[in-house]
Amino acid sequence: MKRPGLHPQKWTVDNIAKGTRELKMLGILYDWDREVAACDPDYYKWTQWLFLLFYERGLAYRAMSPVNWCPVDKTVLANEQVINGACERCGTQVEQRFLEQWFFSITDYAGRLLDNLDRLDWSESTKTAQRNWIGKSEGAEVAFRVQDLMEFAGSATVSGGGMSGEVIPTPVELRVFTTRPDTIFGATFLVVAPEHPLADLLTTDEQRAEVEAYREAAAKQDIVTRKVNKDKTGVFTGSYAVNPASGELMPVWMADYVLMEYGTGAIMAVPGHDERDFEFARKFGLPTPRVVGRDLHDTAPPTDAAFTESVNGVMVNSGQFNGLTVPEAKHAIVAWLAERGSAKPVVNYRLHDWCISRQRYWGPPIPIIYCDACGPVPVPESDLPVVLPPLEDFKPDDSGVSPLARDEAWYRVSCPQCGKAARRETDVSDTFLDSSWYFLRYPSANRDDVAFDPAVTRHWLPVNSYIGGNEHAVLHLLYSRFITMVLHDAGLLEFEEPFTRFRAHGTIIREGAKMSKSRGNVVNPDEYVEKWGADAFRTYLMFLGPYEEGGDFRDQSISGVRRFLDRLWASVHEATRAGDPDAAVMRKLHQTIRKVTDDIPALSYNTAIAAMMEYVNVLRAHERTPHAREVEPLVQLVAPFAPHAAEELWEVLGHDRSVFDAGWPAFDAALAAEESVTVAVQVNGKTRGTVQVPKDAEQPAVLEAAMADAGIAKFVTGSPKKVIYVRNRLLNVVV
RNA sequence: GCGAGAGUGGCGUAAUUGGUAGCCGCGCAGGACUUAGGAUCCUGUGCCGCAAGGCGUGGGGGUUCGAGUCCCCCCUCUCGCACCA
């Protein structure tokens, strides 16, 4: 998709045209009166409006933060856009930079985003992906008092307290998050991240040079290599803290395996029971005592690896808690520490706030104006949209500032509050923000006074069936849910979940291999439509495998679908109206109606098509001529798959309105019912034959019929000990 | 490493959810119609065996009258996440 040098305006317009042409060529049913384009000011006006709504509600904020920086695309990437340390777009190794960015407070909604999943009709794999992404951890925050270290004046608590010049020293505490508070007696040292705010304070003069060197090295490293490289490195800060449980002194270390962005940026290391801490302790010669054993006698320190059993373990070397199981100890120890003011239960999430800033040209400008007197001022709603100016020179440079800053006429504005000279925000918003609310805009696309009309929205939304790729499992779907929840809280939506049902389609591979441009095996729809027709192409895509799993696109196999459509075509053209339809064929027809009607909502398109193929085989068996009433409902059934052919054939059958206005064929259970059934006969569980019996026949009659069959009877060597009969299905004689 | 999903004929797949394994399609084989056919139409097609029959759903155990389906162990593949305390 990426075409270097091409102006994004042109690129976007071309792609929309190309996509539209393909959709129309394939007969995709879409309401073209409601087309939306995120790059259209009529659309992004409301994306900007959404930003302002978040800003007003305190859910949009600006913060300095380390970001993933792609040196080739010269832009910031979300963590989600970094794949194995490389830029998702161009594959370049990503670096770390510090920039001021706009964030949306999605973590405020982490709990709801997680809890609501339980009541959504989504594929389990997608829900699991979201749960893992949100990454809830229940544990405790524990405070460790640092030995001989006090914080003095200058802090807000002292100056605001009116203590008339008296300076009250407060002990420095290091707070850590742990999911294993039960192991606190085994915590032998603390580790802080290199970026930890207390790092300077903690570092003693003797250790300063070494610590500074370590911090500098860590700062140079990009975020990704740091996480990929799992060799433990670290440096002693010189400080000691007090273990609130054991009272023992613990050295405070600094290491880059502790991440500032998770928890408190500091950990209590329990080397006996955590693999990473174990590795670190071994490297730096620190002790690895045991506090959890297989039983009460299992007290010797682990030597080969950390003992991480966390369910059936029993506490040892842990004072009054010895003998408790791990889950019991978790509660008891947190309660005990809480009483003494050094711990509290805490829930932590892996999810980070959503960085929506992009230092790029092509995107909706973030509607903020910076004024030296007033600070950041939101653009008044009446001034929306903030239109992206046409720029010939749109490429980002190495400054980390959006190309928009180079357009002085656009960039310099007066402050909406005080009227003095001010500057526009030059970041544009993430494309995921555009796509996180398009389903709200779509039904109201023609409204220019509101983002979405309440009455229209009430009628059409939430989306009752959403089908997409699993690549959206965590990004698009999570952001959309978040946006919807906020709009709900703002009183603008009656629902808080946008997609009642979600299913992910599978991946289609080609001749056994993944399709890729480099391999040159992508399917170009034009060629197939040209050669086989749009209907055969569409129907084949539905037929080649289970929809939710994908399948293997084989050029040779498409001929089978084409043959089916040809046979359908011939059947309609040859159909007679003389006489009556055949009862057996009508039975098969109604069985087919039932099957297709059930399969479509279940996304079992491949079996629905197989059922219609079977029916056509029955229709034409032994070169018989089909009756018009036998084929007419079939044309309705096939219409969603092969709309062009169905529309033509519907006309051939004498209708003057569209087949899509004709409704769905009615299923008649009586016509579908079989009067006789084939029952499998087993002897000792092995199938030995079948018997034809009237439907719903009772066991004695079926047994009699089975014994009358010599091929079956010969296996019944003694008198039956037991006979199992499953009505209309199976008879098993145990001898 | 953690999480999710999947292993069925030569191939893509199906199986009323514990009840005849292989529907439908590709391919292949034989035949018909043909000057001809990369068209169309019939017939056959899991493997071994002349047959009777036996064997078969990644491998090994188990539950059951009966297992592709349920339980335990193992192997392989695909896709996410990955120093998350």
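Order of the sequence lines sets the chain letters (A, B, ...), proteins ahead of strands, with each chain counted from 1. These figures come from a predicted structure and were not determined experimentally.
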Handout entry: Watson-Crick or G-U wobble partner of G30(B), both distances under 3.5 Å
Key =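 In the structure as shown, G30(B) has C42(B) as its Watson-Crick or wobble partner.
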
Under 6.0 Å between ring centres: does that hold for [X] and [Y]?
{"X": "F280(A)", "Y": "F189(A)", "result": "yes"}
{"X": "W354(A)", "Y": "F103(A)", "result": "no"}
{"X": "Y540(A)", "Y": "F564(A)", "result": "no"}
{"X": "F284(A)", "Y": "W253(A)", "result": "yes"}

Expressed in whole Å, how much space separates the [atom1] atoms belonging to [N] and [M]?
{"N": "G19(B)", "M": "U64(B)", "atom1": "C1'", "result": "12 Å"}
{"N": "C65(B)", "M": "A15(B)", "atom1": "P", "result": "28 Å"}
{"N": "U78(B)", "M": "A29(B)", "atom1": "P", "result": "34 Å"}

Practice task
State which of C65(B), C26(B), G53(B) makes the closest approach to the side chain of N732(A).
Solution key: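 Among C65(B), C26(B), G53(B), the one nearest the side chain of N732(A) is C65(B).
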
Practice task
Tell whether R729(A) reaches the base of U16(B) with its side chain through a donor-acceptor pair below 3.5 angstrom.
Solution key: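 Side chain to base: pair found, below 3.5 Å.
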
Exercise for the section: Tell whether K721(A) reaches the base of C65(B) with its side chain through a donor-acceptor pair below 3.5 angstrom. Expected result: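 Donor-acceptor pair under 3.5 Å: no.
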
Once you round it to whole Å, what is the distance between [atom2] of [N] and [atom1] of [X]?
{"X": "K127(A)", "N": "G80(B)", "atom1": "NZ", "atom2": "P", "answer": "22 Å"}
{"X": "L475(A)", "N": "G80(B)", "atom1": "CG", "atom2": "C1'", "answer": "11 Å"}
{"X": "F278(A)", "N": "G1(B)", "atom1": "CZ", "atom2": "C1'", "answer": "17 Å"}
{"X": "L731(A)", "N": "U20(B)", "atom1": "CG", "atom2": "P", "answer": "13 Å"}
{"X": "R727(A)", "N": "G66(B)", "atom1": "CZ", "atom2": "P", "answer": "23 Å"}
{"X": "D274(A)", "N": "G1(B)", "atom1": "CG", "atom2": "P", "answer": "17 Å"}
{"X": "M260(A)", "N": "C83(B)", "atom1": "CE", "atom2": "C1'", "answer": "16 Å"}
{"X": "E275(A)", "N": "A85(B)", "atom1": "CD", "atom2": "P", "answer": "13 Å"}

Under a 3.5 Å threshold, yes or no: a donor from one side chain and an acceptor from the other, between [X] and [Y]?
{"X": "N732(A)", "Y": "Y725(A)", "value": "no"}
{"X": "R567(A)", "Y": "N617(A)", "value": "yes"}
{"X": "S123(A)", "Y": "T126(A)", "value": "yes"}

Practice task
Just label U17(B) as syn or anti from its O4'-C1'-N9-C4 or O4'-C1'-N1-C2 angle, using within 90° of 0 for syn.
Solution key: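 In terms of base orientation relative to the sugar, U17(B) is syn.
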
Exercise for the section: Quick one: classify the glycosidic conformation of G58(B) as syn or anti, with syn meaning within 90° of 0. Expected result: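 Here G58(B) takes the anti form, which means its glycosidic angle is more than 90° from 0.
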
Close N/O contacts between protein and nucleotides 10-12 of chain B (under 3.5 Å):
unit_1 : atom_1 : unit_2  : atom_2 : d
C11(B) : O2'    : R554(A) : NE     : 3.3
G12(B) : O2'    : L544(A) : O      : 2.7

Practice task
May I ask you to verify if any side-chain N or O of K283(A) is less than 4.0 angstrom from the OP1 or OP2 atom of C83(B)?
Solution key: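 It does not, given that no N or O in the side chain of K283(A) lies less than 4.0 Å from OP1 or OP2 of C83(B).
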
Protein-nucleic acid N or O pairs under 3.5 Å, nucleotides 55-58 of chain B:
unit_1 : atom_1 : unit_2  : atom_2 : d
C55(B) : OP2    : K686(A) : NZ     : 3.3

Practice task
Answer yes when K595(A) and E614(A) have at least one side-chain N-carboxylate O distance shorter than 4.0 Å, and no when they do not.
Solution key: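 No.
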
Handout entry: Residues E195(A) and R215(A) bridged, charged N to O under 4.0 Å
Key =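 So E195(A) does not pair with R215(A) through a salt bridge.
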
